[in-house]
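Structure, as structure tokens:
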Amino acid sequence: MSGEKWVERLRGAVQGQLLLPEDQGYDTARQVWNAMIDRRPAAILHCVCADDVVVAVKTAVAYGLAVSVRGGGHNVAGTAVSDGGLMIDLSSLRSVQVDAKRQRAWVEGGATLRDLDAATQAQGLATPGGVVSSTGVAGLTLGGGFGWLSRLHGLTSDNLLSVELVLADGSQVRASAEDHSDLFWGLRGGSGNFGIATKFEFALHPIGPEILFGPTVYPLEDAPAVLRHYEAFALEAPRSCCVWANLMTAPPLPFLPEEFHGSKVLTLMQCCAGDPEEGRRLLAPLRKFSTPLGDAVMPRPYTEAQSILDAAYDKGARNYWRSHNFLRLEDPLPDTLCELAADLPTPESDILISQLGGAIADRAPGDSAYPHRQTNFAITPGVRWRDPAEDEARIAWLRTASDALAAQAEAGSYVNFISEREGRAQEAYGANYGRLTALKAEYDPENLFRCNQNVVPA
Ligand SMILES: Cc1cc2nc3c(=O)[nH]c(=O)nc-3n(C[C@H](O)[C@H](O)[C@H](O)COP(=O)(O)OP(=O)(O)OC[C@H]3O[C@@H](n4cnc5c(N)ncnc54)[C@H](O)[C@@H]3O)c2cc1C
């Protein structure tokens, strides 16, 4: 491999490190968040500047190399890495610059949410992100992106102001509402199909430093009734409130009575983005229903809220997910969910209900490539396990659970929550798929960027 012409060309032209299979560090560098992914790229380029990305793209085109792009490495389908291709790794490009006065942040293409939140919170600001801090800003934003602040301020991609991008021909462009506005439309939900983002510009909002945040936990036998009450609250909730429900196995948390550790429970993770005292008032209607086993809702730093789930979803487990969109949690769904929860196959598995709506729904489905504007709840059953020998059984369980939920769901699925690497584009992009294929034909006609939920050029 080291004698190959493309290797020599890359080595001679980039500042970043090029790792080949025989090199030390290669095996660590090809690992991503989901331990099921075990692919072996021909080479991994750790880019340290945008010019490295340009050289990588031009070399890949010249030598017919398949390309995959790594931001935070969190994609559950492992699209950051492909067998035999060139893995263009941006994880060393993580700087974040903040202009507090203009409430803007400029974020490099390999930054994580932790990098972004640390820099923006230092100025009392934030933009909506996801709920686990090691997630990459790039993949999350390009697929849409939602978290605790999205009901108040929209998707992460709704807060995107511009993107600096390396296109499939190696040219560099800036896409925004004014420049390449068609491309900018596609970048907000169309995933990594159109180029490699080296820098994102976001709008910021005053948040914190403390917000009201934390879980209440209920026994599984109370969960159907609590879920019905949760739905009623969620559909009328003020936008500053965002509550995600999770059916799971109780970890040994200090605020839970010991006899419930290891039992199946429903958790309501509650967030109110404004003043904590006001948060107590706004969340009161949710909290007065049923008596929880434990309650850890309290004023906490926003950055703590953003990382509270990190340990539960750490790197290294084998993972398989499916996600379904819902307008309501109507009967018989609460019972279906609780029956599935009673049968969760491993202690790390769960069924996560993300509350959406609010500002996300202010925009029309065609406003950007992210189509699921009307979804009020995304329900994502996920299995997590450690032993490869269990792969078949775990995946089979998840597919059966997913089929039971699909029977009651709306059409469509969030592109960032899909475990299959191929064949889900229509489901992910919905009515926007046709426009995306035309855009793809213009910006990436040879489909260089195809290691993703792929949009096929028209
Ligand atoms: C534990 C966990 C929690 C999550 N929580 C949330 C959540 O709360 N909200 C939410 O919306 N999503 C969430 N996600 C899903 C997350 O948005 C996706 O997994 C997303 O793909 C992660 O982006 P990444 O950069 O880390 O991924 P990577 O695996 O590095 O990349 C995924 C794909 O994104 C594209 N890509 C990455 N970087 C670039 C770049 N610089 N330029 C162009 N394309 C690029 C490529 O196509 C790549 O294949 C979560 C995922 C995990 C594993």
Side-chain angles (χ1 to χ4, degrees), residues 31-35 37 39 47 50 53 56-57 67-82 85 87-94 107-115 128-150 155-157 163-168 186-187 189-200 242 244 269 306-307 309-317 319-321 323 348 350 352 354-356 360 370 372 378 380 382 384 414-419 421 428 444 448-455:
Q31 283 166 16
V32 288
W33 176 80
N34 185 355
I37 310 303
R39 301 194 191 109
C47 299
V53 179
V57 166
V67 156
S68 70
V69 183
R70 187 193 194 281
H74 255 226
N75 189 277
V76 66
T79 51
V81 48
S82 67
M87 181 172 171
I88 303 178
D89 186 337
L90 276 78
S91 59
S92 302
L93 290 170
R94 288 171 54 171
V107 184
E108 283 192 307
T112 61
L113 295 177
R114 188 183 304 129
D115 301 324
V131 302
V132 172
S133 74
S134 47
T135 308
V137 171
L140 176 127
T141 305
L142 295 168
F146 50 71
W148 305 120
L149 302 183
S150 294
L155 299 172
T156 313
S157 55
V163 185
E164 289 175 24
L165 200 70
V166 178
L167 298 177
L187 291 169
S191 212
N193 272 287
F194 299 103
I196 304 181
T198 52
K199 197 172 275 185
F200 298 91
C242 182
W244 288 21
M269 191 64 86
Q306 283 291 92
S307 54
L309 295 174
D310 285 9
Y313 298 102
D314 62 346
K315 184 178 172 181
N319 286 270
Y320 195 85
W321 303 353
S323 186
E348 292 182 276
D350 62 6
L352 185 63
S354 311
Q355 187 194 354
L356 305 175
I360 299 171
Y370 175 87
H372 313 294
T380 310
R384 271 167 75 77
Y414 178 36
V415 68
N416 279 344
F417 285 174
I418 297 176
S419 274
R421 224 166 35 137
D444 184 15
L448 178 71
F449 303 113
R450 61 180 174 275
C451 193
N452 45 42
Q453 210 47 247
N454 194 225
V455 173

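Any value given below was found using the heavy atoms of this structure, including those in side chains, with hydrogens, waters and symmetry copies removed. Ligands are counted one by one from 1 in listed order, and the atoms in each one are counted from 1 as well.
In this structure, the side chains of Ile88 and Val67 come closer than 4.5 Å at one or more pairs of heavy atoms. Side-chain contact between His74 and Val132 is present, with at least one heavy-atom pair separated by less than 4.5 Å. The closest side-chain heavy-atom distance from Thr112 to Thr135 is not below 4.5 Å.
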- Query: After noting the C-alpha distance and the side-chain angles of Asp350 and Tyr313, does the key distance pass the side chain to side chain donor-acceptor pair (under 3.5 Å) rule?
  - Reply: CA-CA 11 Å; Asp350 62 6; Tyr313 298 102; 2.5 Å; yes

- Please report the C-alpha distance between Ser92 and Glu108 in whole Å, then the side-chain angles of each, then the deciding distance to 0.1 Å, and finally whether the side-chain contact (heavy atoms from CB on, under 4.5 Å) criterion is met. CA-CA 9 Å; Ser92 302; Glu108 283 192 307; over 6 Å; no

- Chi angles and distances behind the side chain to side chain donor-acceptor pair (under 3.5 Å) call for Ser191, Asn193: CA-CA 6 Å; Ser191 212; Asn193 272 287; 5.0 Å; no

- Kindly determine whether Arg70 and Val81 satisfy side-chain contact (heavy atoms from CB on, under 4.5 Å), including the steps that lead there. CA-CA 7 Å; Arg70 187 193 194 281; Val81 48; over 6 Å; no

- Message: With side-chain contact (heavy atoms from CB on, under 4.5 Å) as the criterion, how do Phe200 and Leu142 come out once you've worked through the C-alpha distance, each side chain's angles and the decisive distance to 0.1 Å?
- Response: CA-CA 10 Å; Phe200 298 91; Leu142 295 168; 4.1 Å; yes

- Could you check Phe449 against Ile196 for side-chain contact (heavy atoms from CB on, under 4.5 Å), going step by step and ending with a plain yes or no? CA-CA 9 Å; Phe449 303 113; Ile196 304 181; 3.5 Å; yes

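In this structure, Gly195 counts as a contact residue of ligand 1, since one of its heavy atoms falls inside 4.0 Å of the ligand. Close to ligand 1: Leu90, with a non-hydrogen atom less than 4.0 angstrom away.
Trp321 CH2, 3.6 Å is the protein heavy atom nearest to atom 51 (C) of ligand 1. Protein heavy atom at the shortest distance from atom 2 (C) of ligand 1 is His74 ND1, 3.6 Å. Counting only heavy atoms of the protein, atom 21 (O) of ligand 1 lies nearest to Asn75 ND2, 3.2 Å. Looking only at heavy atoms of the protein, atom 26 (O) of ligand 1 is closest to Gly136 N, 2.9 Å. What sits closest to atom 23 (O) of ligand 1 on the protein, heavy atoms only, is Gly139 CA, 3.2 Å. Of the protein's heavy atoms, Leu140 CD1, 3.4 Å lies nearest to atom 10 (C) of ligand 1.
Within ligand 1, counting atoms from 1 as listed, the ones closer than 4.0 Å to a heavy atom of Phe146 are 7 (C), 8 (O), 9 (N), 10 (C), 11 (O). Ligand-side atoms of ligand 1 in range of Thr79: 32 (C), 33 (C), 48 (C), 49 (O), range being under 4.0 angstrom from any heavy atom. Set against the non-hydrogen atoms of Cys451, the atoms of ligand 1 under 4.0 Å away are 47 (O), 49 (O). Near Tyr414, meaning under 4.0 Å from any of its heavy atoms, are these atoms of ligand 1: 10 (C), 11 (O), 12 (N). Close approach to Ala138 involves these atoms of ligand 1, each under 4.0 Å from a residue heavy atom: 38 (N), 39 (C), 40 (C), 41 (N). Which parts of ligand 1 touch Gly130 is read off a 4.0 Å heavy-atom cut-off, strictly below it: atoms 7 (C), 8 (O), 9 (N). For ligand 1 and Gly192, the ligand atoms under 4.0 Å from any heavy atom of the residue are 44 (N), 47 (O). Close contacts of ligand 1 with Val131, meaning ligand atoms under 4.0 Å from a residue heavy atom, involve 7 (C), 8 (O).
Residue Val132 has no nitrogen or oxygen atom sitting less than 3.5 Å from a nitrogen or oxygen atom of ligand 1, judged on distance alone. Distances between N or O atoms of Asn416 and those of ligand 1 include at least one value under 3.5 Å. An N or O contact shorter than 3.5 Å links Gly109 to ligand 1 by distance. Between Trp244 and ligand 1, no pair of N/O atoms sits closer than 3.5 Å. Taking any N or O of Thr135, backbone or side chain, none lies under 3.5 Å from an N or O belonging to ligand 1. At a 3.5 angstrom cut-off on N or O pairs, Gly73 counts as close to ligand 1. Residue Gly72 places at least one N or O, backbone or side chain, under 3.5 Å from an N or O of ligand 1. Geometrically, ligand 1 and Gly71 share a nitrogen or oxygen pair separated by less than 3.5 Å. Checked against a 3.5 angstrom limit, the closest N/O atoms of Phe417 and ligand 1 fall outside it.
Ring orientation note: the planes of Tyr414 and Tyr370 are nearly perpendicular, at an angle over 60° on the 30°/60° scale.
Atom-to-atom distance recorded for Met87:CE and Arg39:CZ is 10.5 Å, nearest 0.5 angstrom. Taking CD1 of Ile418 as the start and CD of Gln453 as the end, the distance is 4.5 Å to the nearest 0.5 Å. To the nearest 0.5 Å, atom CH2 of residue Trp33 and atom CG of residue Asp314 are 8.5 Å apart. Within the model, atoms CG of Leu309 and CE of Met269 stand 4.5 Å from one another, a figure rounded to the nearest 0.5 Å.
The closest heavy-atom contact to atom 41 (N) of ligand 1, among the options Ala197, Ala111, Gly147, comes from Ala197. Taking each of Val69, Asn193, Thr198, Thr112 in turn, the one with a heavy atom nearest to atom 46 (C) of ligand 1 proves to be Val69.
At a 4.0 Å heavy-atom cut-off, ligand 1 touches Leu142 through the side chain alone.
Nearest heavy atom pair, residue Trp244 against residue Gly147, reads CZ2-CA, 4.0 Å. For Gly144 against Leu155, the heavy-atom pair with the smallest separation is O-CB, 3.7 Å.
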